[in-house]
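Reminder, nothing fancy here: chain letters follow the sequence lines and each chain counts from 1. Small disclaimer: the values here were computed from a predicted structure and weren't measured.
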Amino acid sequence: MEYFLELILGGLTRGSIYALIALGYTMVYGIIELINFAHGEIYMIGAFTALIFTSVLTLLGFNEIAVIVLASLAAVIYSSAYGYTVEKIAYKPLRHASRLSPLIGAIGMSIFLQNYVLLAQTSDFLPFPNLIPEFEFIKPYRHIISSAEIVILITTSTAMILLTFLIKFTRTGKAMRATAQDRNMAMLVGVNVNRVISITFVIGSALAALGGVLIASHVGQINFYIGFVAGIKAFTAAVLGGIGSIPGAVLGALVLGLTESFATGYVSSDYEDVFAFGLLVLILIFKPAGILGRVRHQKI
Amino acid sequence: MNTILEVNDLSMDFGGLRALDHLDLNVVEGEIAAIIGPNGAGKTTFFNCITGICNPTEGEILISPPGKKRNKINGLKPNRITKKGMARTFQNIRLFSNMTVLENVMIGRHCRTSSGIVSAILRGRSTIKEEKDVVDFSYNILKKTGISHLVNEFAKNLPYGAQRRLEIARAMATEPFLLLLDEPAAGMNPQESRELDELITRIRDEDNISILMIEHDMKLVMSLSDRIFVMDYGRKIAQGTPSDIIKNPVVIKAYLGEDIDA
Amino acid sequence: MIKAREIKKSFLVSIWFMFLTFPIMVIRVNPIEKIVEWRWKNMLVVGIGSFLLSFVWRYMLKKKEAGEKRAETGESGKTFLIQRILEERRFYIPLVTGLTIIAVAFPFIFSMYQTSIMTTALMYIVLGLGLNIVVGLAGLLDLGYVAFYAVGAYSYALLNHHFGLGFWSVLPIGAVLGFIFGVLLGFPVLRLRGDYLAIVTLGFGEIIRLVLENWNEFSFGPSGIANIDRPGFFGIQFSLQAASIYLYFLMIGLVIFTIIVVNRLQNSRIGRAWIALREDETACQAMGIDKTRTKLRAFALGATWAGMVGVIFAAKTTFINPASFTFLESAMILSIVVLGGMGSILGVIIGALILILLPEYLRAFSDYRMLLFGAIMVIMMVFRPQGIIANIRRTYKFNE
Ligand SMILES: Nc1ncnc2c1ncn2[C@@H]1O[C@H](COP(=O)(O)OP(=O)(O)OP(=O)(O)O)[C@@H](O)[C@H]1O
Ligand SMILES: [Mg+2]
C-alpha cells in the first residue's frame, strides 16, 4: 500500500513537471498550429542557466535562499528570451508558408540549440545542486514523499492557477483566446496578433524553465540532451489531453506521469521511455483528438 | 428519362448546426440542374456529402450510372465515388499548385488507369502506351476547355478564370457521368462567364455528361439550367424550371428578395 | 549606403544577442571542482557576429519578400543555370562523361580513406533519395526514417552472425524487410495529419532504437554486433583495400540505379499521385486517388531503400550498435533533402555531397557539424524552402 502511495505521488510529481512543459506546446499549438519542436531545448536552457547562476552566485557568497530565488529567476528570464527570439527568427517569417516548413524549421532549431549548448558548455552530465532544503515535518513520511516532491507540487499548482487567471481574466488572455479561435478575425477586431504570439512563446518558455529548474534539482544532473526526451514526453502529454486545450495538457501530463510511474514501478524501468513513446503512438493512432480536445472540422 | 442521382431525406449536422435538413433531390440523365440559395444555405455541404467528403448524419444517396445498376454510395470514400462516375470542382479552387496544367488533368486519369510502381520502374511497352494515352486524353480535354495554350504552366501561375476552367478539366478527365460544379463562375467577369456558359453546354451536349451546379450568377443559372433547386437553411424550399422559380413567391421572399433589397 | 536607422537596428540586435548568449557562451562552470571560467572573448565574437549577420538577414528577408511579390504578379522567375545545362544535350553529354571518368578513377587516384568517405557520401545520397520519395514527393514528414535503416543493418548483422548468410543474399532480404516494416508501421499512422505523422514516426524510430538497446538476447544491446563479413564476390573474399574499392563501386551502381528508379517514378502515374497528395489531399481524393494506398506505397518504397542501404552500412563498418540509429541520423538525412530541394534528384545529390563531405574535409567544421545541420534547416526554411535546386516538372510538347 505504501509502495502504491509512493508511486502515485511520484507519478503526480513527474506529471506536474511534464505539465509545465506541456503547457508551452499546447499554447503555441493552439495559436499557430505549430509543434514547437524547440520547446524541449528551451527547457534545457532554463536548467543550464539555473545551474550556471547557482554556481556563480554560490561562489560569490550569496545565501541559500537568495541563490534559489535569483537562479530560478534567471532561468525564467533567459528561457523566455530564448523562446521569444526563436519565434522571431524561425517561425515569424514562415507565418504563411505551408505546414511542413515551420515544422522542419522547428526541428532544425531544436538541433541547433542542443549543439549550441553542447559546444559552448559540455557534453558531460553536470551535477545539479539540490536547491530544495529538507523540511523537518516531512521526516516521518520520507519513504513516501520527499520535500522536493512537495515543493514541485506546490510550485506547479501555483503556476497553473496563475496561468488560468491570466487567460481567463486579463486583456492579454482574451486576446490570446481570440487569436486561437480565429487569427484573421482577431486581427480584424484590432488584436495585435504578432504580440500575442510573442507573449504566448514567452509564457510557455517561462513555464518550461520553471519545470527545468525543478526537475534538474530533483534528478540531480543535467546535460544538453535532456530537452529531447522531456520535450517528447511533454508533447505526448499535450496530445493525450487534447492539443490546444490547457486543462487537457495538465490532465494529460498527470495521466502520463502516473502511467510511467506505475509502469516503471511494477513492470520494468529499462523500458521507461518506450512506455512514453508507445503511449504517444497509441494515442495518435486511436484518439488523435485527445481526452479533452475537440475535433476540428476542416471547411472545404 | 432516367434518374441518375437520387438523394433521399439527407441531413447533416456539424456539432449543433444542422447544415442539411431532410433534403430530397434528384438529377436526370442529360440535364443541367442548378442549386441556388443564399450564403450558408448548405449547398457546398450537399456536394461534400454526396462526394463522400462528409459523412451525412441521415439519409441515403443512390446513383444509377447510365447502363449500370442503381447502387447506394453512402459511406464510400471520395475516391471510390469518383471512380463510380461523379466528379466535382471546388468552390475555393483546390488545384495542385506546383504541378503543371497538364499534370493536373493527368491526375484525373489516375482512376481510369492502372500501372503501378513496378511497371513504372520497368517502363514496359504497355506502360509507355498507357502514359501516352493519358497525355493525349488530357491534352484533348485541355483543348476542349480552352486552356491548351497553358499546358506546361504551373497551375498556381494561371489567371483566375483559367484556374476555374482547369478545375473543370481535371474533373472531366475522370470521365464522369455527372459533373458537380461548385460556383464555376465565381470571380469571373461577364465575358468569361458567357464563355463558361458555352463550355458547360458543350460538355453536356458533346460529352453526354449531366451537370449539377451550384451558382450565384443568376443570369448564368437562368440561361443554362433545365431545372433549378432552391435551398435555404439546409432545406429545399422550391424546385422547377427557371420560369417557375422566378415566379415562385417563396423563392422571391427567401432569396431573390434579398438580392433586390441589397 | 547603409542608413543610420539600419545601424541602430543591428546594434540593438547585437546587444540582445550578447545578453542572450551571456550565461551559456561566457560562463562555464565546473560544479564538481567549483571553478567558474569566464570567456569574455566569446561575448565580443557574438556581438560583432550578430551585428554583421543581422544586416545579411534583413537583406535576405527583403530579397525574399520582393521575390514573392514578383511571383504574385505572374512574372515567372528565371530558370537556373544548372537547369538549363541539364536541358541542353550539348552540355549534358560532356558533363555526364566527365562525371563518369571522375567516378571511375576516384578510388585509384585517392587513398583508401578518401574512398571510404566518398562511399559514405554515396550512401547518404541513396538514403537522401529514398527519403526524398517520402518527404519530397509524397510530402510525408518521416522523422523515423533511420528505423528502416536499422532494420536493414540489423538483418544483415544478425543473419550473418547466426547463420553466416552472405552480403548478396541478405541485400534483397534487407530490402524486403525494410518494405515490410514500412507497410507495418505505415499502415496505422498514414491517415494522420502531417505534423502528427512526423511525431509518430519519430516515436516509432525511437522505440525501435530503444528496443535494440534493451533487448540483449536479440540484438546484443548497446555493445552491438562486431565482425560482420564484408561483401564478397561469388565466394571470393577481398583484402581490406580491395573491399573498400568494391564497396565504392557497389555504391556507385546503387546510386545510378536509384536515380533511374526515382526519375522514372516521379513522372509516372504513381509519382504524380504522390505529388498531388502533397499538394492537396482533399482534392487528390476527390480526383479518385486512394489516399492511404498511395501514401503507403511512398512510405514503404522509401523504407525499402533505407533497408538496402542499412545492409550496406553493416557490411561497410563490420560493426553496428544502436548508437548509429538515433534521431539525429534521421535529422541528418532530412537536412540533406531539405538543403538540396524537396523532390529534386539533383538537389538531393548536391545536398548529400555538401553535408557529408564538407565536415570531413574542413576539419574545423566537423565539431560544428550538427550545429550546421540545424542551422541549415532553419535558414533554408526561412529563405528558400524549395531547396538549392527546386524540383522541376516535366514539360510536354504538342504540335498543333
Ligand atoms: N466543416 C464544417 N464544419 C462546421 N460547419 C460547417 C462546415 N462546413 C460547413 N459548415 C456550416 O454549414 C453551413 C452551410 O455551409 P455551406 O458551405 O454548405 O454553405 P453554402 O450554401 O455553400 O454557402 P456559400 O454560398 O457561401 O458557399 C454554414 O453555416 C457553414 O458554416
Ligand atoms: Mg458553398
Using non-hydrogen atoms and a 4.5 Å limit, figure out which bit of Ile107(B) sits close to chain C: side chain, backbone, both or neither. both

Go through Ile270(C), Val262(C), Asp280(C) and name the one with the most non-hydrogen pairs under 4.5 angstrom from chain B. Asp280(C)

For Ile117(B) against Trp274(C), the heavy-atom pair lying closest together: CD1-CZ2, 4.3 Å

Could you tell me which portion of Ser114(B) (side chain, backbone, both or neither) has an atom closer than 4.5 angstrom to a non-hydrogen atom of chain C? backbone

Of the non-hydrogen atoms in Phe90(B) and Ala286(C), which two are nearest, and what is the gap between them? CZ-CB, 3.7 Å

So which atom in Asn98(B) and which in Arg278(C) form the shortest heavy-atom distance, rounded to 0.1 Å? CB-NH2, 4.3 Å

Which heavy-atom pair separates Met287(C) from Cys111(B) by the least distance, and what is that distance? O-SG, 4.2 Å

From Tyr396(C) atom OH to Glu103(B) atom CD, the distance as rounded to the nearest 0.5 Å: 6.0 Å

Could you look at Thr51(B) and say if it's the side chain, the backbone, both or neither that has a heavy atom under 4.5 Å from chain C? neither

Is there any residue in residues 71-85 of chain B with a non-hydrogen atom under 4.5 Å from a non-hydrogen atom of chain C, and which ones are they? Lys77(B), Pro78(B), Asn79(B), Thr82(B)

Under 4.5 Å to a heavy atom of chain C? For Glu130(B) that would be side chain

Per-residue contact mode, Leu158(B) against chain C (heavy atom under 4.5 angstrom): neither

Would you give the length of the straight line joining atom CD of Gln285(C) to atom CD1 of Ile53(B), rounded to the nearest 0.5 angstrom? 7.5 Å

Rounded distance [0.5 Å steps], NE2 in His110(B) versus SG in Cys284(C): 7.5 Å

Which residues from residues 298-310 of chain C are near chain B, with near meaning under 4.5 Å between non-hydrogen atoms? Leu301(C)

Before accepting this row, confirm whether a basic side-chain N of the pair Arg272(C)/Glu131(B) lies closer than 4.0 Å to the acidic partner's carboxylate O. yes

Write down the atom of Glu279(C), the atom of Ser97(B), and the distance for their closest heavy-atom approach. OE1-N, 3.3 Å

